[in-house]
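Here is the structure we will look at, set down as structure tokens.
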Amino acid sequence: MVEAVEKLTKKSEDPSRWYLQLVRMAKLADYGPVRGTFAIRPYGFAIWERIQRDLDDRFKATGHQNAYFPLLIPESYLKKEAKHVEGFDPELAWVTIGGREELEERLAIRPTSESIICDFYRNWIQSYRDLPLLINQWCNVLRWEKVTRPFLRTSEFLWQEGHTVHATPEEAREEALRMQRVYSDCFHEMLAIPVLTGMKSPSERFAGAIETYTCEGLMGDGRALQAATSHDLGQNFARAFDITFLDENQERVHPYQTSWGFSTRTIGGLILVHGDDRGLKLPPKLAPTQAVIVPIWRGKNKAEVRREAEALYAELQIAGLRMEVDLDEEHSPGWKFNEHELRGVPVRIEIGPKDIEKGQAVLVRRDTAEKEFVPREGLPERLRTLLAEIQENMLVQAREFRDENTRRAESYGEFKEIIEEKRGFVLAPWDGTEETEQKIKEETKATIRLLPDDVREEGKDLVSGKPGATAVFARAY
RNA sequence: CGGGACGUGGCGCAGUCUGGUAGCGCACUCGGCUGGGGGCCGAGUGGUCGCCGGUUCAAAUCCGGCCGUCCCGACCA
């Protein structure tokens with residue numbers, strides 16, 4: 001242990017400092033000159049690309065196509081849906097000059113694309129035969145945020161936004177719920193984040209939606225993170241943007257719409273859920289590098305060890321595993337161990353003179369730090385099953401943490417105590433009024449994260465004493 | 001956007017109070033020895049001290065404005 005090397009702050013000691021340090025040390029992102037702007041570095045971007053691919057496949061499998069819409073939105077477009085402008089107005093950035101000339105109408109840099117997309121959709125949709133229209137766009141958006149943190153809240157961020165149009169309210173609702181499920185599946189299967197799913201309370205709804213469905217994750221510090229949302233827009237935007245079509249009965253009617261989004265914020269969630277004192281911890285399905293080979297050589301047998309390491313690398317890569325071999329000659333094995341743990345590589349494979357002699361390799365898993373000696377012949381199979389075990393274990397661990405930190409409050413006093421001292425999700429009946437929701441928020445800083453779709457037990461609201469159904473509260477990011 | 005702290009090579013900091021030669025550790029480059037949990041020795045590279053302006057013979061240092069970062073509150077994916 002050498003004290004001169006920059007040590008990662010312990011997660012429990014100062015979670016905020018730990019997070020910022022980890023982002024920088026693992027080379028995930030770097031600060032830009034304008035508030036809230038960041039470069040996503042190659043390793044961070046590789047993670048995003050893997051999420052993108054997974055989600056994109058799921059979108060395609062559910063019938064969606066990708067398209068691209070303009071970055072600049074005329075002010076008049078944004079103003080068409082009253083609640084929508086109201087919601088986004090405080091965080092818009094405007095372009096007012098083009099080629100040295102003051103513009104007649106200022107242009108907003110998209111904070112989200114409903115308004116501009118609806119303008120296109122008005123022309124694209126004429127008949128019920130044009131429906132459903134199922135389009136997704138991968139892009140960047142900009143919101144002038146006051147407080148920013150890499151990934152979790154940045155001014156500019158990358159995301160996908162799906163925008164669909166349907167003939168009936170039932171279809172739109174189904175679509176919104178379907179995409180919530182797509183997100184939830186991605187969180188569980190790919191990211192090993194056991195999100196809760198449910199509806200937002202009216203006050204937490206997306207600006208302009210009639211219903212917002214959400215996926216909420218619980219972070220390592222007991223705070224909740226809204227990870228992805230899917231909105232049933234009803235006819236609000238269709239009316240505002242005058243989108244109509246002729247239905248089977250030859251009547252001109254407004255269609256029903258949805259929109260749904262998933263952003264680079266999730267990378268922040270990934271860090272907060274799985275990261276530990278050693279650094280990042282990536283689920284194998286997501287990890288750009290699933291296993292890294294660290295050769296351990298001594299002066300005399302360097303060539304031989306290198307050859308073996310390269311051979312093993314080739315073999316595993318051909319077996320379809322995402323591999324890396326660390327042939328750096330400057331750093332010691334110990335240095336490399338720490339480095340790859342910081343980066344969150346799920347498995348480390350050590351191969352040295354002793355292993356070559358015994359015809360084996362050493363496998364060390366990132367999630368539990370367990371070490372095992374595996375014969376060379378069976379290595380690809382063993383690595384494959386080990387990666388699957390790690391994937392599973394990470395989800396189990398995260399779920400256990402979530403369950404241990406999900407509590408039912410029987411009284412308002414208990415509610416306050418849990419939020420203050422333990423954090424986590426708190427289940428309590430809510431009478432459905434904004435007054436109690438607001439009061440709880442003011443007094444405890446906890447907000448309704450969602451109204452769960454599985455547990456909907458009736459009870460008495462802790463504040464008002466009126467009858468209500470279960471809501472999930474938490475302090476959120 | 002309020003309250004507080006801060007901004008000096010890539011990172012962590014000293015120097016600022018009391019104006020006068022920019023310094024340390026790590027990282028980086030080169031050479032050599034090393035290598036199973038952040039190695040050792042030697043020689044080097046790199047900074048208009050966040051930006052703009054003011055005071056002064058002289059500004060990292062004093063004054064003003066702006067920008068950015070971090071923490072705590074109000075708003076948000």
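Below, chains carry the letters A, B, ... as their sequence lines are ordered, and counting in each starts from 1.
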Quiz prompt | Side-chain touch A:Ile51/A:Met190, heavy atoms, less than 4.5 angstrom | solution =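 No. Closest side-chain heavy atoms not under 4.5 Å.
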Using a 4.0 Å heavy-atom cut-off, does [X] contact any base of the nucleic acid, only the sugar-phosphate backbone, or nothing at all?
| X | value |
| --- | --- |
| A:Leu225 | nothing |
| A:Pro33 | sugar-phosphate |
| A:Gly36 | sugar-phosphate |
| A:Glu341 | base |
| A:Gly261 | nothing |
| A:Lys302 | base |

How about [X] and [Y]: does a side-chain donor come under 3.5 Å of a side-chain acceptor?
| X | Y | answer |
| --- | --- | --- |
| A:Asp14 | A:Tyr19 | no |
| A:Gln180 | A:His231 | no |
| A:Gln226 | A:Thr214 | no |
| A:Ser155 | A:Glu145 | no |
| A:Thr9 | A:Arg17 | yes |
| A:Gln257 | A:Thr164 | no |
| A:Arg205 | A:Ser203 | no |

To the nearest Å, how far apart are [X] [atom1] and [N] [atom2]?
| X | N | atom1 | atom2 | value |
| --- | --- | --- | --- | --- |
| A:Asp326 | B:G36 | CG | P | 14 Å |
| A:Glu329 | B:C33 | CD | P | 12 Å |
| A:Gln21 | B:A27 | CD | C1' | 15 Å |
| A:Asn338 | B:C26 | CG | P | 18 Å |
| A:Arg24 | B:C11 | CZ | C1' | 6 Å |
| A:Leu327 | B:G35 | CG | C1' | 14 Å |
| A:Arg348 | B:G38 | CZ | P | 12 Å |
| A:Ile296 | B:U34 | CD1 | P | 18 Å |

Of the nucleotides [options], which one has an atom closest to the side chain of [X]?
| X | options | result |
| --- | --- | --- |
| A:Phe337 | B:G35, B:G37, B:G12 | B:G37 |
| A:Asp355 | B:G68, B:G37, B:G36 | B:G36 |
| A:Trp335 | B:G38, B:C28, B:G35 | B:G38 |
| A:Pro150 | B:G36, B:G37, B:C70 | B:C70 |
| A:Lys7 | B:G38, B:G37, B:G35 | B:G38 |

With [atom1] as the reference atom in both, quote the distance from [N] to [M] in angstrom, rounded to an integer.
| N | M | atom1 | result |
| --- | --- | --- | --- |
| B:A43 | B:C6 | C1' | 36 Å |
| B:U69 | B:G12 | C1' | 15 Å |
| B:G9 | B:C28 | C1' | 11 Å |

Enumerate all atom pairs, one protein N or O and one N or O from nucleotides 74-77 of chain B, separated by less than 3.5 Å.
| from | atom 1 | to | atom 2 | distance (Å) |
| --- | --- | --- | --- | --- |
| B:C76 | O2' | A:Glu91 | OE2 | 3.4 |
| B:C76 | O2' | A:Glu145 | OE2 | 3.4 |
| B:C76 | O2 | A:Arg153 | NE | 2.1 |
| B:C76 | O2 | A:Arg153 | NH1 | 3.1 |
| B:C76 | O2 | A:Arg153 | NH2 | 2.1 |
| B:C76 | N3 | A:Arg153 | NH1 | 3.0 |
| B:C76 | N3 | A:Arg153 | NH2 | 2.7 |
| B:A77 | O3' | A:Gln226 | NE2 | 3.0 |
| B:A77 | O3' | A:Arg265 | NH1 | 3.3 |
| B:A77 | O2' | A:Gln226 | O | 3.1 |
| B:A77 | O2' | A:Arg265 | NH1 | 2.5 |
| B:A77 | N6 | A:Thr154 | N | 3.2 |
| B:A77 | N6 | A:Thr154 | O | 2.3 |
| B:A77 | N3 | A:Ser263 | OG | 3.4 |

Quiz item: Do the ring centers of A:Phe415 and A:Phe473 come within less than 6.0 Å of each other?
Solution: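 Yes, they do, as the ring centres are separated by less than 6.0 Å.
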Just name whichever nucleotide pairs with [N], Watson-Crick or G-U, keeping both distances under 3.5 Å, else none.
| N | value |
| --- | --- |
| B:C40 | B:G32 |
| B:G12 | B:C24 |
| B:U18 | none |
| B:C62 | B:G54 |
| B:U45 | none |

Quiz item: Thinking salt bridges, do A:Arg143 and A:Glu156 make one under a 4.0 Å N-O criterion?
Solution: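 No, this pair does not count.
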Quiz prompt | Cationic N near anionic O, under 4.0 Å, A:Arg343 to A:Glu324 | solution =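 A salt bridge links A:Arg343 with A:Glu324.
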Quiz prompt | Phosphate OP1/OP2 of B:G35: any A:Ser332 side-chain N/O under 4.0 Å | solution =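 Result: no.
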Quiz prompt | 5' precedence on RNA chain B between A:Val34 and A:Val362 (nearest-nucleotide basis) | solution =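 This one resolves to A:Val362.
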Quiz item: Under 30°, 30 to 60°, or over 60°: which ring-plane class applies to A:Trp48 and A:Trp138, parallel, tilted or perpendicular?
Solution: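 The rings of A:Trp48 and A:Trp138 stand perpendicular, inter-plane angle above 60°.
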Quiz item: When every nucleotide of nucleotides 41-46 of chain B is labelled 5' to 3' by its protein contacts under 4.0 Å (heavy atoms), B for base, S for sugar-phosphate only, - for none, what sequence of letters results?
Solution: ------
